[in-house]
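Notes for the one structure printed next.
The analysis underlying the following values was restricted to heavy atoms, covering all of them including side chains, and did not include hydrogens, waters or symmetry mates.
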Amino acid sequence: YTGAQVRDIAVDPTQPGRVIAAARSGIFISYDGGANWLGLSNPPVVSMEWNAVAIDPTDPLHIIAETNWGNVLVNSNNEGQTWKDVLHFGEERVAFHAIAFAPSDPTTVYAGSSGYYSAGSFDLSQPGKGVYVSRDGGNKWAAANDSLVQDAHVVWLAVDPHDPQVVYAATSNHGLLKSTDGGASWRQISEQGSAVSVAVHPTDPDIVFAGFAHQAVYVSMDGGQTWEQSSKGLIPESQITSIIFDPTNPDEVLYAADEFSGVYRSSNGGKRWSVLNTGLTT
């Protein structure tokens with residue numbers, strides 16, 4: 001596991017010490033909070049360049065992950081001991097950058113695609129192929145696009161905690177998008193330009209946070225109808241690539257990762273942020 005360039009992390013909601021890391025050198029699992037790791041790059045995907053991983057919230061042994069060493073989305077029902085190739089784009093330089101289970105119905109899973117120049121190096125300027133959806137837990141997939149989203153470069157996905165048909169997509173080329181019918185139709189819900197992250201409150205779907213390229217963080221209290229900047233304490237040009245609600249206190253505590261200046265925490269619902277970089281390089 002030495003030297004891994006980690007692109008994504010998934011934590012088991014039922015066993016916090018169980019962590020899966022998708023990395024350039026493979027996909028790995030730890031059962032003790034990262035002290036020890038085991039490789040999961042098992043046949044038929046003994047490969048490098050893993051970019052995304054998600055754990056089924058109701059079945060921790062069920063994992064969906066992506067490697068663009070072949071542009072493959074893979075599904076495992078036995079903790080990565082064996083994998084099934086469920087969706088791929090062949091030789092096209094498009095792969096999957098984001099995977100999201102619907103919290104209220106994990107048989108519904110969304111995957112967002114992105115373009116890249118070389119394996120493992122997604123580029124915000126490259127078009128993707130939009131969003132795909134599975135209604136059977138990740139075995140069969142279909143495009144969930146209209147004309148607006150069919151070439152979207154999807155960076156992040158977030159699903160409504162109560163309604164599996166409501167999904168948000170942060171895209172570099174079409175801004176922040178929302179669908180209320182499971183991806184059959186989409187609409188742009190922001191005017192801030194390139195969107196690089198989105199998160200929905202785990203119990204109140206009206207509260208949505210989104211990060212935009214070099215524009216820090218915005219918050220909506222009405223499901224994306226209106227937005228206000230929520231960036232006090234962040235550097236003005238920050239590019240927030242990940243936003244996480246604290247699952248034990250989501251009304252007050254959030255975390256954000258800026259591509260340029262590191263990790264931040266808010267203890268008042270995103271009104272102000274404080275840097276948390278002690279021990280980290282940025």
Side-chain angles (χ1 to χ4, degrees), residues 10-11 13-14 52-60 62-64 73 75 86-87 96-113 130-150 152 154-171 174-190 195-211 217-228 230 242-254 269-270:
V11 180
T14 66
V53 60
I55 296 175
D56 187 328
T58 59
D59 179 5
H62 180 204
I63 306 164
I64 298 176
L73 193 69
N75 190 27
V86 291
L87 183 60
F96 293 95
H97 201 174
I99 304 166
F101 284 91
S104 62
D105 179 13
T107 60
T108 300
V109 196
Y110 295 91
S113 67
V131 178
Y132 284 71
V133 65
S134 172
R135 306 291 183 189
D136 62 359
N139 291 304
K140 296 180 181 179
W141 293 80
N145 300 323
D146 58 11
S147 58
L148 173 63
V149 187
Q150 62 186 2
V154 182
V155 186
W156 206 272
L157 293 167
V159 186
D160 185 297
H162 306 310
D163 188 346
Q165 301 303 304
V166 177
V167 58
Y168 296 83
T171 76
H174 297 299
L176 186 62
L177 307 175
K178 181 179 182 179
S179 174
T180 58
D181 53 13
S185 62
W186 296 83
R187 60 188 177 91
Q188 190 179 73
I189 58 171
S190 69
V196 292
S197 60
V198 61
V200 182
H201 191 290
T203 59
D204 185 347
D206 286 336
I207 302 175
V208 184
F209 280 78
V217 173
Y218 282 75
V219 61
S220 173
M221 306 300 290
D222 54 16
Q225 297 183 57
T226 59
W227 295 88
E228 293 183 3
S230 181
S242 182
I243 305 165
I244 302 294
F245 285 89
D246 185 323
T248 64
N249 188 10
D251 292 335
E252 297 179 341
V253 180
L254 296 92

Output the distance between atom [atom1] ([X]) and atom [atom2] ([Y]), rounded to the nearest 0.5 Å.
| X | Y | atom1 | atom2 | value |
| --- | --- | --- | --- | --- |
| L157 | F96 | CG | CZ | 10.5 Å |
| L176 | I189 | CG | CD1 | 4.0 Å |
| W227 | S190 | CH2 | OG | 7.0 Å |
| Y110 | I64 | OH | CD1 | 13.0 Å |
| D206 | Q225 | CG | CD | 8.5 Å |
| M221 | F209 | CE | CZ | 7.0 Å |

Those residues that, when tested against [X], pass side chain to side chain donor-acceptor pair (under 3.5 Å) (two or more places apart):
| X | value |
| --- | --- |
| S220 | D222 |
| D160 | none |
| T248 | D246 |
| D163 | none |

Which atom names give the shortest non-hydrogen contact between [X] and [Y], and what distance separates them?
| X | Y | answer |
| --- | --- | --- |
| P202 | P161 | O-CB, 3.1 Å |
| N75 | G137 | ND2-O, 3.8 Å |
| I243 | A199 | O-CB, 3.5 Å |
| V200 | A158 | CG2-CB, 3.8 Å |
| K140 | S134 | O-OG, 2.9 Å |
| A54 | A10 | CA-CB, 4.3 Å |

Which residues share a side-chain contact (heavy atoms from CB on, under 4.5 Å) with [X], sequence neighbours left out:
| X | answer |
| --- | --- |
| W186 | V131, D146, L148, V149, V167, A169, L177, S179 |
| A143 | Y132, N145 |
| P247 | none |
| P164 | A102, S104, D105, T108 |

### Task
Report yes if some heavy atom in the side chain of S197 is under 4.5 Å from a heavy atom in the side chain of S242; otherwise report no.
no

### Task
Answer whether the closest heavy-atom distance between the side chains of T171 and V155 falls below 4.5 Å.
no

### Query
Would H201 and D251 count as having a side-chain donor-acceptor pair, cut-off 3.5 Å?
yes

### Query
Does W156 use its side chain to pair, donor to acceptor, with the backbone of V196 at less than 3.5 Å?
no

### Query
Do side-chain atoms of H62 reach the backbone of I55 as a donor and acceptor pair under 3.5 angstrom?
no

### Counterpart residues, ring-ring contact (aromatic ring centres under 6.0 Å, His included), relative to Y168 (two or more places apart)
none

### Message
Holding to ring-ring contact (aromatic ring centres under 6.0 Å, His included), I want the full list of residues that pass it with H174, two or more places apart in sequence or in another chain.
### Response
none

### Task
Report the C-alpha separation of H97 and V154 in whole Å, then their side-chain angles, then the decisive distance to 0.1 Å, and conclude whether the side chain to side chain contact (heavy atoms under 4.5 Å, CB included) test is met.
CA-CA 7 Å; H97 201 174; V154 182; over 6 Å; no

### Query
side chain to side chain contact (heavy atoms under 4.5 Å, CB included) with V109: which of I99, D56, V159?
I99

